[in-house]
Amino acid sequence: MTRLTGSALRVTIFIGENDTWHRKPLYAEIVHRAHAAGLAGASVFRGIEGFGASSLIHTSRLLSMSEDLPVAVIVVDTEERVRAFLPQLDELVTEGLVILDDCEVIRYAGRGGTPGPERPETGGGAAGEGENWL
């Protein structure tokens with residue numbers, strides 16, 4: 001069983017909640033592709049306010065006209081696996097911001113304290129239903 005500990009790479013993708021890929025939420029497509037690629041984990045976080053390259057402020061405040069709130073998709077795995085996934089992000093993310101950060105994984109465990117899903121070193125493998133990722 002592969003354990004993800006120590007040095008890793010985190011990719012964070014900042015997009016809009018209303019961004020789509022073939023009429024499907026873009027954030028969902030990114031998570032599903034990360035899962036299919038056998039990456040260690042991905043999570044989506046919805047922001048309450050923000051702006052990006054367009055300089056438009058998007059907010060969740062009452063009486064606001066904006067519903068396209070900022071979304072951050074965070075994926076963590078080894079540097080090799082994350083870098084191998086970047087061409088897919090290049091295809092998917094036409095507007096937004098993609099950043100890479102070195103990070104250190106202290107603990108990577110599923111529910112009940114079990115280690116993360118079994119993954120062959122060369123790819124594949126997926127977590128079971130209800131798996132806690134990040």
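All of these numbers come straight from a predicted model, not from anything done at the bench. FYI, side chains are in, hydrogens and waters are out, and symmetry mates aren't considered; it's all heavy atoms of this structure.
Partners of R83 by side chain to side chain contact (heavy atoms under 4.5 Å, CB included), not counting sequence neighbours, listed by chain and number: L9, E79, L86, L100. Qualifying side chain to side chain donor-acceptor pair (under 3.5 Å) partners for E104, counting only residues two or more places apart in sequence or in other chains: none.
Nearest approach of P70 to G50, heavy atoms of both residues: CG-N, 3.9 Å. Across all their heavy atoms, L4 and V105 have their closest contact at O-CG1, 3.0 Å. Closest heavy-atom contact between A37 and F85: CB-CD1, 4.1 Å. Minimum interatomic distance between G38 and D77 (heavy atoms only, all atoms of both residues): O-OD2, 3.9 Å.
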Please list every donor-acceptor pair under 3.5 Å in which a side-chain atom of residues 13-24 meets a protein atom from a residue at least two apart or in another chain.
| from | atom 1 | to | atom 2 | distance (Å) |
| --- | --- | --- | --- | --- |
| E17 | OE1 | R46 | NH2 | 3.4 |
| E17 | OE2 | R46 | NE | 2.9 |
| E17 | OE2 | R46 | NH2 | 3.4 |
| D19 | OD2 | G16 | N | 2.9 |
| K24 | NZ | E29 | OE1 | 3.4 |

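The same ILVMFWY cluster, assembled from side-chain heavy atoms under 4.5 Å apart, contains both F45 and V76.
Remark: E49 CD to L69 CG distance equals 9.5 Å, nearest 0.5 Å.
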- Task: Verify side chain to side chain contact (heavy atoms under 4.5 Å, CB included) between I30 and V93, making sure each step is shown before the conclusion.
- Result: CA-CA 9 Å; I30 294 168; V93 181; 4.2 Å; yes
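Although no hydrogens or angles enter the test, the distance criterion places no donor-acceptor pair under 3.5 Å between the side chain of Y108 and the main chain of G41.
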